[in-house]
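Below is one structure, written out as structure tokens; comments come after it.
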Amino acid sequence: MTVYLVGAGPGDPGLLTVRALELIAAADVIVYDRLIPASALQGARSDATLIYAGKEGGGPSMSQAEISRLLVSHGSCGGIVVRLKGGDPFVFGRGGEEAEALVSAGIAFEVVPGVTAGVAGPAYAGIPVTHRDAASAVAFVTGHEDPTKASGSALDWGALAAFPGTLVFYMGVRQLPAIASSLLAGGRDAAEPAAIVERGTLPEQRVVTGTLETIASMAASARVRAPAVVVVGAVAGLRDALAWFESRPLAGVSVAVTRARAQASGLASRLTDLGAQVVEAPAIRIVPLDGPALSVAGYDLVCLTSPNGVRLLFSRLTAAGVDARAFAGARVAAIGPGTASALRAHGVIADIVPERFVAEGLVEALADVPVRRALVARAAEARDVLVDALRERGAEVEVVALYETVASPLTDAQLAAVGDADYVTFTSSSTVRFFFESAGDLGSRLRARLVSIGPVTSATLREYGRKPELEATRHDIDGLVEALIQDVTASRIRS
Ligand code: SAH
């Protein structure tokens, strides 16, 4: 029976600590705030109790006393209670008060520090909060207070103005003009570099830079909103040379991914790593089809046309009590590198991978391969190009439908996000069909550039009256990402 006060970092899910993820996965109860990464709770147990304790759209939040009572009452019931907060729990997170309440109630607690926004936001903006030549000290300051209020401020503005180092203000967007003028009044240099980092570490991060004198008006004209941190100090001037977040190839670009959620993660994480904001719009779902236990014995060729096919073929083989050795007598052909790598993960190295990753490419690659009996394991609704070509050559071909792709209706929120996206990616004809069926009117009004993985998917897009703006030259995920990067780079050069 321990309550864990856990920092969830500033927003980038990659900045959740290992310990935070472990505790989220183990928790019986999670009491969480608004400013935690959107995906932070994905790893929670499905039977965990999740309690939201933050403000909703400026509405009333749970009072601090209520939150402390909640932690004490859950903490005394036993089990693992995680109090999950943005950034670090002890940096402007009221974690100290919650720890005190737990101590008073005699409840054990532990603290899991998090990456705090006042360090991470500037870092993602290319601003080191200390620097050997530019700042030997850093002060974290609340900007929540009105420095001009008559009742007097808890902060000594003269001392802050004289502070020999970087000042980082949290919660300071609203009070920025008063903060800047109080520092100026205290004698701080008007020409000192300053920056404000909005939604730091998130794909939509924005940074405004200026001087102590100009930063408030610049932030106002850029309409900077909370959450944002304000940095005052010579280090803010290093951003010009050190900005890196915005230089990633897909920074500032939003890309919708329409493939099934189970398959989307590879593409989504590639895009995220390149700086894109990924809009999840899984228009299809993979449904495995039941079938008899399968044997691959007796075939001299086994063809696989997708990673899903590989996964499901192996589950059927496992059900039949056989393993990769069942392929010993057969040549194995994979339609592309994704399929080949799925095979490799199961201990089978594909003998044949075509240069063009479409059925026609596979037919060409098989031209000189003698085939008597072939097994083609694939989706129920696949094209017959490969099967027909093999049969024409006199081979006996058995087709096993391992799965079907079905529509996975998109929510209004997902559709709205796709409506705002810069690109929509299509990785198969079924993603096209099911996306446009789900999208209704939106389909014809999309402002996004459409990206197709290859000619077959492009042809399906044309059936829906849309010509893809981009078609990958290499018909796999790498090729699709490559096409996107080229398009974004070209449009940056043009503008
Ligand atoms: N405990 C948190 C701070 C909570 S106070 C931490 O250690 O980071 C809330 C303030 O944190 C916001 O008003 C803003 O100033 C800052 N903040 C939180 N997330 C931020 C982000 N992603 N980018 C910029 N500032 C952020």
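Whatever order the structure lists them in is the order used to number ligands and atoms, beginning at 1.
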Counting only N and O atoms by type, is there a donor-acceptor contact under 3.5 Å from the side chain of [X] to the main-chain atoms of [Y]?
X: R83; Y: V31; answer: yes
X: T17; Y: A20; answer: yes
X: E198; Y: R225; answer: yes
X: S408; Y: R285; answer: no

For [atom], what is the nearest protein heavy atom, given as residue, atom name and distance?
atom: atom 5 (S) of ligand 1; value: F92 O, 3.5 Å
atom: atom 10 (C) of ligand 1; value: M171 CG, 3.7 Å
atom: atom 23 (N) of ligand 1; value: G200 N, 2.8 Å
atom: atom 14 (C) of ligand 1; value: A228 O, 3.4 Å

Salt bridge (Lys or Arg N to Asp or Glu O under 4.0 Å) partner of E246, the single match among R492, R206, R239: R239
Any side-chain donor-acceptor pair under 3.5 Å between [X] and [Y]?
X: S452; Y: T457; result: no
X: T214; Y: T211; result: yes
X: S39; Y: Q42; result: no

Min N/O separation [X] to ligand 1 under 3.5 Å:
X: A117; result: yes
X: L202; result: no
X: V115; result: no
X: E198; result: no
X: V91; result: yes
X: L35; result: no

Out of [options], indicate the one that has the non-hydrogen atom closest to [atom].
atom: atom 16 (C) of ligand 1; options: F169, Y124, F90, Y170; value: Y170
atom: atom 12 (C) of ligand 1; options: A8, P37, G95, P227; value: P227
atom: atom 22 (N) of ligand 1; options: P10, A125, G11, G86; value: P10

Quick one: look at Q205 and ligand 1, take heavy-atom pairs under 4.0 Å, and tell me if it's side chain, backbone, both or neither. neither
Which one holds for V197 and ligand 1: side chain close, backbone close, both close, or neither close, with close meaning a heavy atom under 4.0 Å? backbone
Let me see the working for R248 and D273 under salt bridge (charged side-chain N to carboxylate O under 4.0 Å, His left out), right down to the final yes or no. CA-CA 9 Å; R248 293 168 308 153; D273 287 348; over 6 Å; no
Under the side chain to side chain contact (heavy atoms under 4.5 Å, CB included) test, residues paired with A44 that sit two or more places apart: I24, I30, L50
Table please: side-chain donor-acceptor pairs of residues 180-195 below 3.5 Å, with sequence neighbours left out.
{"residue": "S181", "atom": "OG", "partner": "P177", "partner atom": "O", "Å": "3.1"}
{"residue": "S181", "atom": "OG", "partner": "A178", "partner atom": "O", "Å": "3.3"}
{"residue": "S182", "atom": "OG", "partner": "A178", "partner atom": "O", "Å": "2.7"}
{"residue": "R188", "atom": "NE", "partner": "E192", "partner atom": "OE1", "Å": "2.7"}
{"residue": "R188", "atom": "NH1", "partner": "L160", "partner atom": "O", "Å": "3.2"}
{"residue": "R188", "atom": "NH1", "partner": "A161", "partner atom": "O", "Å": "3.3"}
{"residue": "R188", "atom": "NH1", "partner": "F163", "partner atom": "O", "Å": "2.9"}
{"residue": "R188", "atom": "NH2", "partner": "G165", "partner atom": "O", "Å": "2.8"}
{"residue": "R188", "atom": "NH2", "partner": "E192", "partner atom": "OE2", "Å": "2.9"}
{"residue": "D189", "atom": "OD1", "partner": "A191", "partner atom": "N", "Å": "2.9"}

Numbering as shown, the atoms of ligand 1 that approach G87 to under 4.0 Å (heavy-atom distance): 2 (C), 6 (C), 7 (O), 8 (O)
Taking only heavy atoms of T116 into account, list the atoms of ligand 1 that are under 4.0 Å away from them. 6 (C), 7 (O), 8 (O)
Has K85 got any heavy atom lying under 4.0 angstrom from an atom of ligand 1? no
